[in-house]
Number of protein chains: 2
Amino acid sequence: MVLIMLQLKDLPTPDVLAKFAIRYPDADVTAVSSVLQLLRVATDLSIALDACLSKHGLLQGRWWVLILLMREDDKTSQPSILADKAGVTRATMTGLLDGLEQSGLIARVFAKEDRRTVLINLTDAGVKKLDSVMPDYYRRIRRCMQGLDEEQRQQLQKILALINLGIPALT
Amino acid sequence: MVLIMLQLKDLPTPDVLAKFAIRYPDADVTAVSSVLQLLRVATDLSIALDACLSKHGLLQGRWWVLILLMREDDKTSQPSILADKAGVTRATMTGLLDGLEQSGLIARVFAKEDRRTVLINLTDAGVKKLDSVMPDYYRRIRRCMQGLDEEQRQQLQKILALINLGIPALT
DNA sequence: TTGACTTAGTTAGCTAGCTAACTATAATGG
DNA sequence: CCATTATAGTTAGCTAGCTAACTAAGTCAA
């Protein structure tokens, strides 16, 4: 997964927003500030999680591939399926798998029935790597979210679902 | 601003999360799913906004620089200040300004009092460009957020502020 | 006043995404 | 049953971030 946006260190103050709202009357001030804050917090979260992964020698893209493989009962999948699930192109997946194969965390096996397809297998080393990363990762998420009670988490998910509904209106 | 993360097309279903929670008892299921959904929605939002900007021939980084300049009363700033406000390195800002200068949207002027500093000025063409982009951008944000009433927007901002407080605990 | 340090900006080279073009294999239909 | 089309994966080259190293200019203190 890869979200691209500026870090927005300098969110507009209410008076800056008001000034822009005068010049551009279409501006919905609370909508804009909500969206910007959402992007800002998500960016900071993503950067912090990246830092956690890099301590374990992983990058977000590669780590996500390991998780997708771990979800499979036989710890096996295919590049095209992994690309769809991770939301990257097949070309990008080729690169991610190259890195993981070099580190010995996955193995490429050619399929017998269809010689076009490659089976991607999570190796024992890959399982071991995830087993060392995930507890740390989950502990950090827990600590980060401990200020929110169960009701607030549900509110957040509901609100995010509403925003998600509105995203098609953007394009 | 640039947020980096996978697209997470395939968020874990509750039963996948539960399976992982058994293997990794530190997992806080509602915390993890909230964080992942937050990253997912923010990613989709960011991609949709990028698409909007690219229709106007802009990229997010460059557009953000124009906005920062528009906020200044004299429509002028410096590369280092812009870099800090945008949350990018000075090297990155050099590249962004190169592109904007080539398009004629900003101009570099050497300062007289300190010959190290370069003054960045938003040109008339830059103002015109923003005046054509911002109304469209604001209209889209409005439409995207129209499903949320004022109370929900406040709830969102409050919850995001709480998460933001927890982010230092991640590192 | 000159040598060491600081600051502003740029350049060079790295990364991990992307698209487009390619090879190899399989499926299909006239 | 062979020509066309579709599918799986890879390669090549682009982009916009990054870090590290650099130049040029200003500051400060012995």
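Chain identifiers are assigned alphabetically (A, B, ...) following the order of the sequence lines, protein sequences preceding nucleic acid strands; residue numbering begins at 1 within each chain. Every value quoted in this text rests on a predicted model; they were computed, and no experiment measured them.
Note: CG (B:D98) to C1' (D:dG17) measures 14 Å, nearest angstrom. One interatomic measurement links the two molecules: CG of A:L100 to C1' of D:dG9, which rounds to 16 Å at whole-angstrom precision. Spacing between atom CD1 of A:I47 and atom C1' of C:dA16 amounts to 15 Å, rounded to whole angstrom units. For B:L58 and D:dT15, the CG to C1' distance is 16 Å, given to the nearest whole Å. Between the P atom of C:dA26 and the CD atom of A:Q78 lies a distance of 13 Å, rounded to the nearest Å. A straight line from CD of B:Q60 to P of D:dT15 spans 18 Å, rounded to a whole angstrom. We find that CG of B:D50 is positioned 11 Å from P of D:dA16, with the value rounded to whole Å. One atom, CZ of B:F110, and another, C1' of D:dA25, lie 12 Å apart when rounded to the nearest Å.
Closest to the side chain of B:A91, out of D:dA25, D:dA12, D:dT19, is D:dT19. Distance from the side chain of A:L59 is smallest for C:dT15 among the nucleotides D:dG9, D:dG17, C:dT15. Comparing D:dA25, D:dG9, C:dA26 against the side chain of A:R115 picks out C:dA26 as the nearest.
Heavy atoms from other residues, nucleotides or ligands lying under 6.0 Å from CG of B:D124 number 12 at most. Other residues, nucleotides and ligands place no more than 12 heavy atoms under 6.0 Å from the NZ atom of A:K158. Crowding of A:K128 atom NZ: a count of heavy atoms from other residues, nucleotides or ligands under 6.0 Å not exceeding 12.
Within the nucleic acid shown, B:R90 comes within 4.0 Å of at least one base atom, counting heavy atoms only. Residue-level contact check: B:T92 touches the bases, meaning some heavy atom is under 4.0 Å from a base atom. Counting non-hydrogen atoms under 4.0 angstrom, A:T94 reaches a base of the nucleic acid.
Scanning all heavy atoms of the two residues, the minimum distance from B:R108 to B:E101 falls at NH1-OE1, 2.6 Å. Nearest heavy atom pair, residue B:L160 against residue A:S34, reads CD1-O, 4.4 Å.
Regarding contacts with the backbone of D:dT10, a side-chain N or O of A:R108 is found under 4.0 angstrom from either OP1 or OP2. OP1 or OP2 of D:dC18 has at least one side-chain nitrogen or oxygen of B:T89 nearer than 4.0 Å.
When each of A:M93 and A:E113 is assigned the nucleotide of DNA chain C with its nearest heavy atom, A:M93 is the one assigned upstream, toward the 5' end. Comparing B:G95 and A:R116, the nucleotide of DNA chain C nearest to each residue sits closer to the 5' end for B:G95.
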